[in-house]
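To keep things clear, I will list the structure first and then write my remarks on it.
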There are 2 protein chains.
Amino acid sequence: MDVRVNLDDFIKEFAENCENVQRKYYKKNQIITTYIQKRNQICVLLKGEADLVRYDFNGARSIIEHYTAGDFFGEAFYIVSVNNELSVEAKKNCEVLLFSYDNLYGDCKYDCKYGCKYHDMLKENFSKIMVDKMKALNTRIEILTKRTIREKLLGYFNILSTRKLSKSFTIPFSLTDLADYLSVDRSAMMREIKNLKDEGIIEKDGNLFTLLTF
Amino acid sequence: MDVRVNLDDFIKEFAENCENVQRKYYKKNQIITTYIQKRNQICVLLKGEADLVRYDFNGARSIIEHYTAGDFFGEAFYIVSVNNELSVEAKKNCEVLLFSYDNLYGDCKYDCKYGCKYHDMLKENFSKIMVDKMKALNTRIEILTKRTIREKLLGYFNILSTRKLSKSFTIPFSLTDLADYLSVDRSAMMREIKNLKDEGIIEKDGNLFTLLTF
DNA sequence: AATGATTTGTTGCTTTTGCAACTGAAATAT
DNA sequence: ATATTTCAGTTGCAAAAGCAACAAATCATT
């Protein structure tokens with residue numbers, strides 16, 4: 001099993017066969033879960049797109065991670081030491097599997113006709129999932145430590161380009177959200193994108209970007 | 001076993017009794033390890049202080065984590081997706097335990113007169129250690145997403161204050177290093193610290209800070 | 001105790017960023 | 001099909017941050 005699970009092979013069967021799991025539906029802009037209730041919830045996004053966001057005390061929004069079908073999220077992966085409100089927001093209509101970490105590691109007291117074979121698989125791969133989360137956090141830190149908007153943009157573009165093995169790539173969210181992900185002012189970011197275009201460093205067609213240098 | 005291990009109860013015994021482990025000494029400013037060689041190394045800092053740092057392509061230094069005695073570090077906890085040079089630098093003379101992740105999970109082919117009881121303990125607690133690492137990463141992200149130096153400083157001070165359960169606390173490194181941790185220019189940070197003092201928001205005596213507001 | 005290296009503290013100047021405000025385009029809902 | 005909301009793109013201006021350079025203080029080493 002890959003860290004980013006194969007839906008066909010694993011999750012669908014899990015959702016259909018293990019009674020110890022909830023399947024829920026969320027509409028666009030609904031909050032799927034918040035990370036303040038110490039529920040140790042584990043979630044798998046089956047369909048749709050969602051963001052893990054933080055709202056600062058002064059209202060500034062910051063996107064921590066972006067999820068697509070097959071991604072794991074939930075409090076269990078994201079224990080935080082500081083007092084801040086984290087929540088997962090549906091960006092499109094979403095279908096989500098929900099179960100708890102305690103449930104996963106503790107005794108399964110419910111009837112589970114497959115003997116929790118799916119729980120066991122998750123258990124075994126929990127550390128792999130954690131490692132994947134760590135990668136995402138490290139990636140974000142790498143970008144946030146860049147000191148200028150230009151470097152943040154280019155750093156992020158390079159990561160997307162490397163992932164796609166192509167000079168061209170689409171950003172996984174709107175430009176407004178990209179600013180929140182890079183943690184910079186949107187208009188300042190737009191200005192910098194314009195500069196990069198004018199200087200012939202990137203090309204942009206909607207959300208499709210191309211790196212012209214290397 | 002706590003995530004930040006109790007040296008007396010665990011590590012010292014481990015170091016003395018398990019033959020599958022190396023103990024090494026590093027002088028101040030020496031590089032303890034780099035995260036590019038895929039050695040899956042796990043390290044425990046027995047004595048001294050060290051920083052996990054990244055050097056940008058243009059030379060900008062950035063402190064990711066700060067370690068004191070009892071902390072775990074090493075590639076195994078810090079797998080990164082992007083191409084950047086991470087290294088752990090001794091800030092003082094250090095004593096370090098070294099062993100490998102593969103060794104931990106694979107069969108222990110060496111003689112280990114305690115039957116690798118220590119390895120087993122680590123194995124069991126690996127996910128806890130990972131969670132601790134995640135906390136550290138999340139803390140750093142929380143600070144880095146703040147948009148001004150003032151907010152970064154106050155955010156970090158609040159975390160230190162909360163940890164110590166006191167309005168007064170000492171920063172765990174020099175002001176120069178603090179700037180690298182917050183990923184900002186040192187002189188600009190000093191200016192902002194001065195502003196905070198002048199406005200009666202903080203007090204500062206060397207590396208001892210006090211938050212005057214709440 | 002003297003020397004050299006590092007850290008702290010400060011300042012002038014320039015560049016970058018954030019803020020506010022607005023327009024047109026695109027998407028969504030009625 | 002039209003109204004409404006969201007998103008993209010711009011700009012002027014003010015505030016913040018970075019850069020460079022230097023002196024004073026502190027720390028470390030011989």
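Proteins get letters first, then strands, A, B, ... in listed order; numbering begins at 1 in each. Because the structure is a prediction, the values reported are computed rather than measured.
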Length of the [atom1]-[atom2] vector between [X] and [N], whole Å:
X	N	atom1	atom2	answer
A:Glu192	D:dG9	CD	P	15 Å
A:Glu151	D:dA17	CD	P	17 Å
B:Met190	D:dC19	CE	P	17 Å
A:Asn195	D:dG9	CG	P	14 Å
A:Leu175	C:dG24	CG	P	20 Å
A:Lys197	D:dG9	NZ	P	6 Å
A:Asp205	C:dA25	CG	C1'	15 Å
B:Lys91	D:dC27	NZ	P	15 Å

Closest to the [X] side chain, choosing from [options]:
X	options	result
B:Ser187	C:dG9, D:dA8, D:dA20	D:dA20
A:Val184	C:dT8, D:dC19, C:dG18	C:dG18
A:Ile149	C:dT28, D:dG18, C:dG18	C:dG18
B:Lys194	C:dT8, C:dG18, C:dT10	C:dT10

Inset, instruction - Could you label the plane-to-plane angle of the A:Phe73 and A:Tyr67 rings as parallel, tilted or perpendicular, counting under 30° as parallel and over 60° as perpendicular? - result: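 If you compare the ring of A:Phe73 with that of A:Tyr67, the planes turn out parallel.
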Legend entry - Distance flag, aromatic centroids of A:Tyr156 and A:Tyr181, threshold under 6.0 Å: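 Yes, the ring centres sit under 6.0 Å apart.
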Inset, instruction - Using a heavy-atom cut-off of under 4.0 Å over every strand shown, decide if B:Lys204 touches base, sugar-phosphate, or nothing. - result: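 Sugar-phosphate: the residue B:Lys204, judged by heavy atoms under 4.0 Å, touches backbone atoms but no base.
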Inset, instruction - Mind checking A:Ile193 for me? I need base, sugar-phosphate or nothing, with any heavy atom below 4.0 Å counting as a touch. - result: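 Since no nucleic acid heavy atom lies under 4.0 Å of A:Ile193, the category is nothing.
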Legend entry - Base of C:dG9 paired with side chain of B:Arg186 (donor-acceptor, under 3.5 Å):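 Answer is yes: a donor-acceptor pair is held.
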Inset, instruction - Answer yes or no: does atom NZ of A:Lys197 have more than 12 heavy-atom neighbours from other residues, nucleotides or ligands under 6.0 Å? - result: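 More than 12 heavy atoms, drawn from other residues, nucleotides or ligands, come within 6.0 Å of this atom.
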Inset, instruction - Ignoring backbone atoms, test whether B:Thr148 places a side-chain nitrogen or oxygen under 4.0 Å from the OP1 or OP2 oxygen of D:dA15. - result: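 For D:dA15, neither OP1 nor OP2 has a side-chain N or O of B:Thr148 closer than 4.0 Å.
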Inset, instruction - Identify, between A:Arg191 and A:Arg147, the residue whose nearest nucleotide on DNA chain D lies closer to the 5' end. - result: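 Its nearest nucleotide lies further toward 5', so the answer is A:Arg191.
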Legend entry - Salt bridge present between B:Arg147 and A:Asp185 (N-O < 4.0 angstrom):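 No, no charged N to carboxylate O under 4.0 Å.
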Legend entry - Sub-4.5 Å side-chain heavy-atom contact between B:Ile32 and B:Cys94: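 B:Ile32 vs B:Cys94: side chains touch.
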